[in-house]
Amino acid sequence: MQNLRWKIKQVLKEGEAAVGKSVVVKGWVRTKRGSKNVNFIALNDGSTVRNLQIVADPEQIAEDILGRINTGACLAVTGILAASQGQGQAVELPAESIEILGDADPEEYPLQPKKHSFEFLREIAHLRPRTATFGAVFRLRHAMTFAIHQFFHERGFFNLHSPIVTGSDAEGAGEMFRVTTLDPKNPPLTEEGEVDYGQDFFGKETNLTVSGQLEAELGALALSDVYTFGPTFRAENSNTSRHLAEFWMIEPEMAFYDLDDNMSLAQEFVQYLVRFALDNYADDLAFLNQRQLDEEKNKKKEERSDMSLLERLQFVVDNDFERITYTEAIEILRNSKPNKKKKFQFLIDEWGVDLQSEHERFLVEKHFKKPVILYNYPKQIKAFYMRQNEDDKTVAAMDVLFPGIGEIIGGSQREERLDKLQQRMAEMDIPEKEMWWYLETRKFGTAPHSGFGIGFERLIMFITGMQNIRDVIPFPRTPQNAEF
RNA sequence: UCCUCCUUAGCUCAGUUGGUUAGAGCGGCUGACUGUUAAUCAGUAGGUCCUUGGUUCGAGUCCAAGAGGAGGAGCCA
């Protein structure tokens with residue numbers, strides 16, 4: 001029987017060519033509109049953002065069945081596809097029989113055929129995939145996952161699985177979640193009265209990973225080009241629309257790439273993904289585009305974005321990212337209107353300060369009006385593993401900044417010279433003892449190499465136009481929230 | 001973690017200088033309707049005004065603490 005079932009995407013794709021075919025469709029009721037003579041049911045099975053119109057004639061379908069077809073109910077509908085007499089669709093399915101697979105009591109079912117706020121839908125994260133918006137977002141999330149693997153595979157990269165549980169805490173990328181099997185109420189103690197992690201599961205302190213980069217470097221120095229794609233965890237108490245405690249990150253790492261090669265790959269990568277979405281998920285993007293336009297109608301003119309979602313995506317595909325050094329950025333910012341008129345909360349005067357969100361936003365959204373790659377940062381504001389430049393002041397680091405999202409990619413050429421690396425680690429108080437395996441790659445057959453990390457959810461935000469990172473991952477993990 | 005704002009019906013929100021019985025739209029329910037597009041029309045039910053304490057003759061409204069949420073900042077991806 002299963003082979004008679006058509007996905008709604010297939011029905012709509014065939015359109016008029018499918019008229020006359022006998023099919024079974026299964027899905028969830030979005031809306032039902034009825035009169036004495038005929039009922040129209042909008043059915044959605046998640047295969048596409050679009051619905052299939054089911055026509056239920058009370059002479060054909062029993063009254064008790066019709067009464068149970070409420071918003072949210074799950075149906076199996078059998079019939080012969082027909083050209084639609086109405087305006088909104090080419091084909092529809094006049095039902096010969098309808099089986100109720102699952103009832104949904106309309107007095108209790110929380111999703112109504114109306115607009116809901118994203119805040120409300122977050123509280124019912126178990127049901128929100130049934131809405132048009134979240135269906136589109138999660139389909140695009142899948143699309144990007146697939147396209148990422150395809151992009152790297154086409155270029156001869158290998159997917160490297162870096163560990164989720166890590167024994168090193170020297171990566172310096174943020175607060176970590178501890179992994180332990182010790183009894184929190186009664187942990188074994190050392191003679192000094194400290195918790196004795198020697199008796200813990202792994203025989204040492206372990207945490208959830210904050211980055212797969214160091215492991216990716218090990219892979220690159222053997223397989224040339226690798227990438228990781230997995231969950232990462234930060235125990236930071238970050239309460240913003242751009243941070244999660246559990247998020248997914250893609251970290252390519254390439255032997256024999258310098259910073260220029262690295263920046264080129266980053267741009268090519270993002271453009272490839274956007275193009276993939278535009279080419280293959282036009283329906284979902286069109287829906288999200290319209291959703292955003294409707295949303296912005298209620299906003300003041302100055303708060304509306306200058307480009308629609310689709311225009312923004314096309315713009316990124318068509319234009320090179322602007323590449324400027326940190327030093328050039330400081331000059332632009334120093335001479336900018338908001339700096340001179342003291343509109344910035346943090347005024348720019350000296351070389352060497354870290355750029356704040358307001359500065360990055362000015363460069364991307366006001367000055368260049370396109371994605372910007374900033375590179376060659378002062379070494380004192382960047383990580384120990386970044387390659388020192390000849391000027392002795394900067395490191396070969398780069399950040400890709402996107403409108404509305406901020407930093408979407410952070411990367412660098414890595415320090416491959418053992419003495420320089422050891423010197424930086426000493427300056428930054430990073431114990432060599434815990435990083436012995438990392439240092440050995442510099443000791444044995446070291447090579448120039450580069451890589452970057454891109455936050456998967458931030459990418460999805462850009463692709464879908466969603467404003468809150470909690471709405472681009474099915475089950476967001478944020479401080480004080482691990483429901484579902 | 002810091003700053004600002006918010007919490008009233010299932011949802012989205014009004015609620016005046018503190019005053020008697022807290023409102024609307026949508027959704028639900030009942031009915032009408034010859035093919036609808038989040039259908040339309042008529043009727044109807046539905047409230048611990050986030051919690052606790054305080055001020056007051058009287059608190060949805062004022063004050064304090066707590067809880068939850070949002071926006072911004074920091075950290076970063």
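Bear in mind the structure is a predicted one, so any value in this text is a computation, not a measurement.
- Put simply, CD on A:Q112 is 13 Å from P on B:C13, counting in whole angstrom units.
- Note that A:R155 lies in the cation-pi zone of A:Y272, set by a 6.0 Å cut-off to the ring centre and a 45° limit from the axis.
- One P atom belongs to B:C63, the other to B:U4, and the distance between them is 15 Å to the nearest Å.
- Across all strands shown, A:I405 has no heavy atoms under 4.0 Å from either base or sugar-phosphate atoms.
- The residue A:L459 sits apart from the nucleic acid: no heavy atom pair falls under 4.0 Å.
- Using a 4.0 Å heavy-atom cutoff across all strands shown, A:R122 reaches sugar-phosphate atoms only and no base atom.
- Here B:G68 is the nucleotide among B:A39, B:G68, B:G27 with the atom lying nearest to any side-chain atom of A:Q480.
- Applying the salt bridge (Lys or Arg N to Asp or Glu O under 4.0 Å) criterion to A:E14, with sequence neighbours excluded, gives A:K21.
- A close approach under 4.0 Å does not occur between any side-chain nitrogen or oxygen of A:R33 and OP1 or OP2 of B:C33.
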**Item:** Under the 3.5 Å Watson-Crick or G-U criterion, the dot-bracket string of RNA chain B, with | for inter-strand pairs
**Value:** (((((((..((((.....[...)))).(((((.......))))).....(((((..]....))))))))))))....
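- Residue contacts shown for A:Q53 include a base, since a base heavy atom lies under 4.0 Å away.
- The residue A:T31 sits close only to the backbone: its heavy atoms come under 4.0 Å of sugar-phosphate atoms, none of a base.
- If you check residues 103-110 of chain A against RNA chain B, the residues with a heavy atom closer than 4.0 Å are A:P106, A:E107, listed by number.
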Using residues 338-348 of chain A as the side-chain source, report each donor-acceptor pair under 3.5 Å to any protein atom, sequence neighbours left out, with the distance given to one decimal.
unit_1 : atom_1 : unit_2 : atom_2 : d
A:N339 : OD1    : A:I348 : N      : 2.8
A:N339 : ND2    : A:R334 : O      : 3.1
A:N339 : ND2    : A:I348 : O      : 3.1

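- Distance from the side chain of A:S35 is smallest for B:G35 among the nucleotides B:C26, B:U36, B:G35.
- Rounded to a whole angstrom, the distance from the P atom of B:U17 to that of B:G71 is 30 Å.
- Applying the 4.0 Å criterion to OP1 and OP2 of B:A73, one finds that A:R361 has a side-chain N or O inside that range.
- Taking atom P on both B:U40 and B:C2, the two are 48 Å apart, rounded to the nearest angstrom.
- In summary, A:D399 and A:K382 engage in a salt bridge, as defined by a charged side-chain N under 4.0 Å from a carboxylate O.
- Using a 4.0 Å heavy-atom distance criterion, A:N37 is classed as a sugar-phosphate-only contact.
- Taking the P atom of each, B:C75 and B:U12 are spaced 34 Å apart, rounded to whole Å.
- A:E123 has its CD atom 12 Å from the C1' atom of B:C50, to the nearest Å.
- Once rounded to the nearest 0.5 Å, the distance linking CZ of A:R275 with CG of A:L313 reads 12.0 Å.
- The separation between A:I250 atom CD1 and B:C76 atom C1' is 16 Å, rounded to whole Å.
- The side chain of A:T240 has B:C75 as its nearest neighbour among B:C75, B:A39, B:G27.
- The phosphate of B:C11 (OP1 or OP2) has no side-chain N or O of A:K114 nearer than 4.0 angstrom.
- Salt bridge annotation for A:R141-A:E457: present, with a cationic side-chain nitrogen under 4.0 angstrom from a carboxylate oxygen.
- Ion pairing between A:K379 and A:E415 fails under the 4.0 Å rule for side-chain N and carboxylate O.
- For A:F146, the CZ atom is loosely surrounded, since the number of other residues' heavy atoms within 6.0 Å does not exceed 12.
- Phosphate contact (OP1/OP2 of B:G74, side-chain N/O of A:Q356, threshold under 4.0 Å): present.
- Along RNA chain B, the nucleotide nearest A:S241 and the nucleotide nearest A:G410 are compared for position; the residue whose nucleotide lies closer to the 5' end is A:S241.
- A:D471 has a carboxylate O that lies under 4.0 Å from a charged side-chain N of A:R122, or vice versa, which qualifies the two as a salt bridge.
- Under the 3.5 Å distance criterion, the side-chain polar atoms of A:R139 are matched with a main-chain donor or acceptor of A:G46.
- Put simply, A:R470 has a side-chain N or O that comes within less than 4.0 Å of OP1 or OP2 on B:G71.
- Nucleotides B:U56 and B:U51 have their P atoms positioned 22 Å apart, rounded to a whole Å.
- Annotation: side-chain contact (heavy atoms from CB on, under 4.5 Å) contacts of A:E360 (sequence neighbours excluded): A:L355, A:L401.
- Contacts of A:G406 with the nucleic acid, taken as non-hydrogen atoms under 4.0 Å apart, are absent.
- Residues from residues 76-96 of chain A placing a heavy atom under 4.0 Å of any atom in RNA chain B, listed by number, are A:S84, A:Q85, A:G86, A:Q87, A:G88, A:Q89, A:E92.
- An OP1 or OP2 oxygen of B:G71 is reached within less than 4.0 angstrom by a side-chain nitrogen or oxygen of A:N468.
- B:U37 and B:G28 have their P atoms separated by 16 Å, with the value rounded to a whole Å.
- Closest to the side chain of A:E236, from the set B:G35, B:G10, B:C75, is B:C75.
- Here A:H243 lies in heavy-atom contact (under 4.0 Å) with a base.
- If you measure from atom CD of A:E358 to atom P of B:A73, you get 9 Å, rounded to the nearest angstrom.
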**Message:** Applying side-chain contact (heavy atoms from CB on, under 4.5 Å) to A:I430 and A:Y385, what does each step give before you reach the verdict?
**Reply:** CA-CA 11 Å; A:I430 293 163; A:Y385 49 74; over 6 Å; no
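- Judged by the 6.0 Å and 45° rule, A:R291 forms no cation-pi pair with A:F287.
- Spacing of C1' atoms, B:C29 relative to B:G10, comes out at 13 Å, to the nearest Å.
- Salt bridge status for A:E358 with A:R361: absent, with no side-chain N to carboxylate O gap under 4.0 Å.
- A donor and an acceptor atom never sit less than 3.5 Å apart when one is taken from the side chain of A:S238 and the other from the base of B:C76.
- Nucleic acid contact class of A:F120 (heavy atoms, under 4.0 Å, all strands): sugar-phosphate only.
- Within the nucleic acid shown, A:S117 comes within 4.0 Å of sugar-phosphate atoms alone, with no base atom in reach, counting heavy atoms only.
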